[in-house]
Amino acid sequence: MAWYPAATRMELQPESDAQAAIRPTQFILHSIAAPWTARRTYEFWRDSTNLESHFGLGFEGDLAQFIGTETRADANYQANRRADGTGAVSIETASNLQHSDPWTDRQVEQLIRLGVWLHQKHGIPLRICRTHDDPGYGYHRLHAAWSSGGTACPGDARVRQFEQVVFPGIVALATGKEPTPPAEQPAPTPPAEEDGMPITISESNGRAAALPADGAWLDIAVADAILVGPGETYSVAAAVHIDGLRAGAVVQTRFYYRDQRTGDRSFFLPQTHPVVAEVDDDGQAVDTTTVVAHHSLTHRVPTGHDLRLQVAAKNPPRPAGDRPPALIRYRTLHGLRQL
């Protein structure tokens with residue numbers, strides 16, 4: 001395995017030792033839809049999901065490496081590892097919750113320097129990937145085979161930066177001369193045939209949703225309320241960003257199986273998260289609280305059922321006796337599923 005000398009090593013185990021080797025031929029850039037430092041991204045991969053990237057990059061240019069670049073990471077769907085042993089190196093970069101902001105200057109500098117190192121270390125060619133398996137550089141939404149179910153990642157602003165600043169910067173630093181721009185943007189390509197590898201789930205939903213003030217459960221949709229379908233095994237982690245939680249609030253999450261014929265629910269594994277939110281002088285929460293729900297790869301969804309997620313939040317009462325509602329601003333889903 002190979003480790004980038006300019007990154008802080010935060011090795012994920014058992015993934016770093018247990019996952020298959022790859023021959024790196026691509027570098028794919030992601031936004032994580034969270035304003036996290038590289039260490040916070042590492043903690044999320046370590047504690048909350050079996051999904052991971054090779055690198056994490058914070059707003060201030062803090063760069064960490066979680067897995068060696070010659071070991072498979074699971075952020076790129078069918079580009080993680082192909083039948084011929086080739087695969088993509090991935091980086092998750094901090095962003096706002098809607099991944100609509102541009103990379104900071106410090107992030108751009110780090111992306112360029114890492115891109116040059118990957119070219120020098122692994123021979124990744126200095127071109128934008130023309131197809132889903134073509135060696136080169138790209139961003140998550142460039143090719144359909146890099147995401148299950150589609151994605152907007154890393155957002156329009158960062159796609160423009162990639163094309164106008166980041167990729168030209170990699171070429172310029174690696175060769176000392178400006179690249180020749182491509183005649184036209186590579187067209188997205190359809191996913192290749194399934195090769196038996198787990199399917200990466202990476203979805204998000206920016207629609208606001210009000211949580212009942214009395215703490216009642218609310219079904220949470222990401223791209224669809226159905227997370228995993230009948231007959232599939234899975235490992236999923238859902239991050240829910242909630243505004244309006246007051247000190248002492250309690251948030252609960254639970255996954256459940258739903259009978260597709262009758263709609264009956266079979267609840268299991270309730271997870272309670274006591275929340276201590278930062279409050280101002282008026283007693284109102286001032287920061288968005290991120291709640292992560294995780295369910296490990298231990299079950300196969302029963303025939304005729306699907307896996308769904310619910311969230312409930314109960315704020316402590318105000319002096320007037322009422323309970324102010326909380327608002328889900330954004331939700332993301334990461335994980336693996338396999339037939």
Side-chain angles (χ1 to χ4, degrees), residues 1-32 37-39 41-46 49-58 61-94 103 107-129 132-140 142-143 145-147 153-154 162 166-167 169-171 173-175 197-198 200 202 334 336:
M1 60 181 68
W3 295 88
Y4 179 41
T8 301
R9 183 166 172 170
M10 302 180 189
E11 190 168 4
L12 284 170
Q13 289 292 357
E15 292 87 350
S16 184
D17 290 339
Q19 293 182 172
I22 63 169
R23 178 169 58 85
T25 59
Q26 296 173 325
F27 183 34
I28 301 177
L29 282 60
H30 300 247
S31 289
I32 201 167
T37 63
R39 176 161 292 279
T41 302
Y42 162 74
E43 292 168 350
F44 178 66
W45 293 155
R46 181 194 65 193
T49 177
N50 288 344
L51 179 70
E52 74 287 315
S53 58
H54 289 92
F55 294 90
L57 177 62
D62 47 303
L63 178 66
Q65 185 172 357
F66 312 134
I67 290 182
T69 52
E70 293 172 314
T71 300
R72 190 197 82 221
D74 292 322
N76 310 294
Y77 191 28
Q78 293 179 8
N80 296 332
R81 186 181 187 276
R82 303 181 184 87
D84 63 359
T86 63
V89 174
S90 53
I91 184 168
E92 291 283 359
T93 60
W103 284 304
Q107 286 179 309
V108 169
E109 179 181 358
Q110 290 282 36
L111 290 170
I112 290 173
R113 293 187 180 279
L114 175 56
V116 171
W117 180 80
L118 290 169
H119 167 69
Q120 295 170 341
K121 178 69 176 178
H122 298 301
I124 296 178
L126 298 172
R127 64 172 180 250
I128 296 175
C129 300
H132 70 93
D133 56 358
D134 182 46
Y137 295 74
Y139 45 85
H140 194 196
L142 180 60
H143 295 295
W146 295 352
S147 169
C153 173
F162 174 86
V166 174
F167 179 68
I170 292 170
V171 175
L173 186 60
T175 66
M197 297 290 291
T200 301
S202 182
H334 299 286
L336 299 172

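Worth knowing before you read on, the calculation uses all heavy atoms, side chains too, and leaves out hydrogens, waters and symmetry mates.
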Give a yes or no on whether the backbone of A38 and the side-chain of D62 come within a donor-acceptor separation of less than 3.5 Å.
yes

Search all heavy atoms of H54 against all heavy atoms of A88 and return the closest pair with its distance.
CE1-O, 3.3 Å

Under the side chain to side chain donor-acceptor pair (under 3.5 Å) rule, collect the residues that match up with T41, sequence neighbours excluded.
none

Using only heavy-atom distances, determine whether the side chains of S90 and H30 contain a donor-acceptor pair under 3.5 Å.
no

With Y137, which residues qualify under ring pair (Phe, Tyr, Trp, His ring centres under 6.0 Å), at least two apart?
F167

What orientation do W117 and Y4 show, parallel under 30°, tilted 30 to 60°, or perpendicular over 60°?
tilted

Separation of D134 CG from Q26 CD (nearest 0.5 Å)
7.5 Å

Let me confirm one number: the NE2-CH2 distance from H132 to W146, rounded to the nearest 0.5 Å.
10.0 Å

Within the side chain of N80, is there an N or O that forms a donor-acceptor pair under 3.5 Å with the backbone of Y77?
yes

Residues forming a salt bridge (Lys or Arg N to Asp or Glu O under 4.0 Å) with E109, sequence neighbours excluded:
R113

Can a donor-acceptor pair be found between the side chains of E11 and S16 at a distance below 3.5 Å?
yes

Taking Q65's backbone N and O only, do any of them form a donor-acceptor pair with R9's side chain (distance below 3.5 Å, no angle check)?
no

Once rounded to the nearest 0.5 Å, what's the spacing between atom CZ of R23 and atom CZ of R81?
11.0 Å

What distance do S53 atom OG and I32 atom CD1 have between them, rounded to the nearest 0.5 Å?
6.5 Å

Look only at the side chain of Q13 and the backbone of A18, and say whether a donor-acceptor pair between them is shorter than 3.5 Å.
no

